[in-house]
There are 2 protein chains.
Amino acid sequence: MAGVSRATASRVFTGKARVSDATRRAVERAARQLRYVPNQAARSLVTGRTDTVALVIPEPVPWLFGDPFYPVLIRGINEALSSHEVQLVLLAPQSPAERERVERYLGRRPVDGVLLTALHERDPMPERLRERGLPVVLGGRIDGDPRLSYVDIDNLGGARRATEHLIQAGRHRIATITGPLNRVSALDRRAGYRQAQAAAGLPPLEEEGDYTPEAGERAMRRLLERQPDLDAVFCASDPTAVGALRALAAAGRRVPQDVAVVGFDDAALAATTEPPLTTVHQPIQEMGREMARLLLELIAEPARVGRRVTLATELVIRASSGGGR
Amino acid sequence: MAGVSRATASRVFTGKARVSDATRRAVERAARQLRYVPNQAARSLVTGRTDTVALVIPEPVPWLFGDPFYPVLIRGINEALSSHEVQLVLLAPQSPAERERVERYLGRRPVDGVLLTALHERDPMPERLRERGLPVVLGGRIDGDPRLSYVDIDNLGGARRATEHLIQAGRHRIATITGPLNRVSALDRRAGYRQAQAAAGLPPLEEEGDYTPEAGERAMRRLLERQPDLDAVFCASDPTAVGALRALAAAGRRVPQDVAVVGFDDAALAATTEPPLTTVHQPIQEMGREMARLLLELIAEPARVGRRVTLATELVIRASSGGGR
DNA sequence: TCACCTTTTGAGAGCGATTTCACAGTAGTA
DNA sequence: TACTACTGTGAAATCGCTCTCAAAAGGTGA
């Protein structure tokens, strides 16, 4: 319709090669009239690229409690992707069967690369995908093949500084409510707590939670039974801290006068608790950006060895820990 | 490697044609050794199918407040999809620019069909996608081209019954806090409230919210100023009702003795408010199932005319409305 | 005007699968 | 034994695009 060969038309749509202005316009006009859009499958077949990357969120339950973790992460990812005309798709398997289906699906290479988050400690999925030749970047550290790239938050350092903050505020009977201990992030946060306690010569006092307020509340009650005179608690997540605050209120303890509380996440809800929550800020959007950057690198240069990035956390001091250091 | 032609190997992987048991096993063994997986792009090119459908969630902000709306919807969708070996991918554009990119992307037909939710009243996206020949099913009614298929919740009927319930409980000064009025669902719920009020000869008393607790709290305060002696409020969502409860508590009103409260959604949080919330249950998982079913039909038979399904809602009576009818 | 260089364009191969069509075997029937 | 009817398999076309290579067109300077 534009009076040119398929080759030239293709040049207009891919935009790489030079085409004279006149023909470009003719082709574009024809395309508009015909409502023509290049077929993705045919294009992928020859280029070997789909210009799509997947974010796999194998989280069965809550999209993180009322807190915009994924929206922020996604915004960061899209930020890095947008300049490359790469589309992000989400895969959210809600059961083990669906996880397997997602893995089979990804094996057929409908995407150029995969971002994985919310992994458990020894999840085999990333390694299997990498073996199939798919570029993979993890959100969150995992102890495994050193060829796997990841972007992590400095959970250990953040937890250590949070605990140190409590120690410097004069607290001496500091407990912790951990996250689910099959998650590396939970282990790292506990390790940070332990380091700080050990350095100050204080004994650890721990109860396991699972990052939810309900578990946090139960764990706090158990801690109060075990050690009624505790004067501080480091919670491995902000929702956990919310639960702990509830349990403390129910037990008649004042925060921060009787018990200081520190959380982790700097979720939106941290600023709105009563009292406002001292917590560890994690740069979620930057994490997304960095994950996407690494993945694009890996796609461009698949032979590349695994790269690891750890992003710094920052202590945000509010009223729940008894104020500034 | 299996000593057969590509044609036969293909027959094994597609599974449609008959292949002798011996060759099937030989091909499968070879595939396993070679780690061979059919390439999706090449397959799509010839079959014209991608065995993928997209769920587009153009929601910029909260993935619905701490409430698993999308996980439940997704579970329903996957339920209907799983028997057809069709993979669901999510597209979550977080800005107008990203929405456009998603639309361009879908135009290249990387999916067989599209599910759309959380639309505003006059959103042009579904119509544009349908024009491009993409099968589309909407989650939630939209007034537009009758060729568009949708699955809706009976918002009007649910709201009407909720209001009637308040009237039958002897309330006579019943207000409503609506949702964002650019959403069809919010308009329908308001219409249901109005119908019930008009039928009982009661005047409407309305404030606009946006389905969030914050807006609900503000709206409730405004209502109390406008009509201090109101004795009931119908809230267009459960989070809205949570906000309203906060405002009522702050104003010293007892629920349900002074003011009866009814919500809409039957979100998880409805059962845990103080007092537990009377609300309108919507069958989210069934909605997802039905959306996927309609879409699969449409993919199989694209010429099909638009189909509309409305799912019934159900009033769940708890303490916040003063008990049983 | 001619030789030479640069830009623009077209012909055709090829990406990796599926699928049609025809042809061997193999078995069943007369 | 000959004929028919299936089954199972392979050869080759095809899907819609991109990209290499070579030729045509357009410019430049002598």
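Lettering of chains follows the sequences in order, A, B, ..., and the numbering in each one begins at 1.
Between A:R128 and A:D123, none of the side-chain N atoms (NZ, or NE/NH1/NH2) sits under 4.0 Å from a carboxylate O, so this pair counts as no salt bridge. Under 4.0 Å is where a charged nitrogen must lie from a carboxylate oxygen, and between B:R308 and B:D152 no such pair does.
Between B:L106 and B:V56 the shortest side-chain heavy-atom distance falls below 4.5 Å.
Pairs engaging residues 40-55 of chain B under the salt bridge (charged side-chain N to carboxylate O under 4.0 Å, His left out) rule: B:R49-B:D51, B:R49-B:D112 [sequence neighbours left out]. The list of salt bridge (charged side-chain N to carboxylate O under 4.0 Å, His left out) pairs with a residue in residues 284-297 of chain A, not counting sequence neighbours, reads A:E79-A:R289, A:E290-A:R293, A:R293-A:E297, A:E297-A:R304, A:E297-A:R307. Within the structure, salt bridge (charged side-chain N to carboxylate O under 4.0 Å, His left out) pairs that include any residue of residues 81-92 of chain B comprise A:R104-B:E85 (at least two apart or interchain).
For DNA chain C, the neighbouring residues in residues 23-51 of chain A, judged by any heavy atom under 4.0 Å, are A:T23, A:L45, A:V46. Proximity of residues 15-22 of chain B to DNA chain C (heavy atom under 4.0 angstrom from any strand atom) is not detected for any residue.
Residues A:Y211 and A:S185 have side chains that bring a donor and an acceptor to within less than 3.5 angstrom of each other. Judged by distance alone, the side chains of A:T117 and A:Y70 do bring a donor and an acceptor atom under 3.5 Å apart. A donor-acceptor pair shorter than 3.5 Å can be found between the side chains of A:D265 and A:Q282. Side-chain atoms of A:N78 and B:E98 form a donor-acceptor pair, as typed in the model, at a separation below 3.5 Å.
With sequence neighbours excluded, the residues satisfying side-chain hydrogen bond (donor to acceptor under 3.5 Å, both in side chains) with A:R130 are A:E127. Residues satisfying the side-chain hydrogen bond (donor to acceptor under 3.5 Å, both in side chains) test with A:S20, not counting sequence neighbours, are A:T23. With sequence neighbours excluded, no residue satisfies side-chain hydrogen bond (donor to acceptor under 3.5 Å, both in side chains) with B:R101.
Toward the 5' end of DNA chain C, the nearer of the two residues B:R6 and A:S5, judged by each one's closest nucleotide, is A:S5.
Between its two ends, the helix from C:dT1-D:dA30 to C:dA30-D:dT1 turns its axis by 40°, counting five pairs per end and rounding to 10 degrees.
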Using a 3.5 Å cut-off and no angle test, enumerate the donor-acceptor pairs between side-chain atoms of residues 8-15 of chain B and protein atoms at least two apart in sequence or in another chain.
unit_1 : atom_1 : unit_2 : atom_2 : d
B:T8   : OG1    : B:S5   : OG     : 3.4
B:T14  : OG1    : B:S10  : O      : 3.0
B:T14  : OG1    : B:R11  : O      : 3.4

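Considering B:L55, B:I299, B:T52 as possible partners of B:V111, the one that fulfils the side chain to side chain contact (heavy atoms under 4.5 Å, CB included) test is B:T52.
Contacts between chain B and DNA chain C, taken as any atom within less than 4.0 angstrom of a protein heavy atom, begin and end at C:dG16 to C:dT20. Taking 4.0 Å as the cutoff to heavy atoms of chain B, we find the contact window on DNA chain D bounded by D:dT7 to D:dG16.
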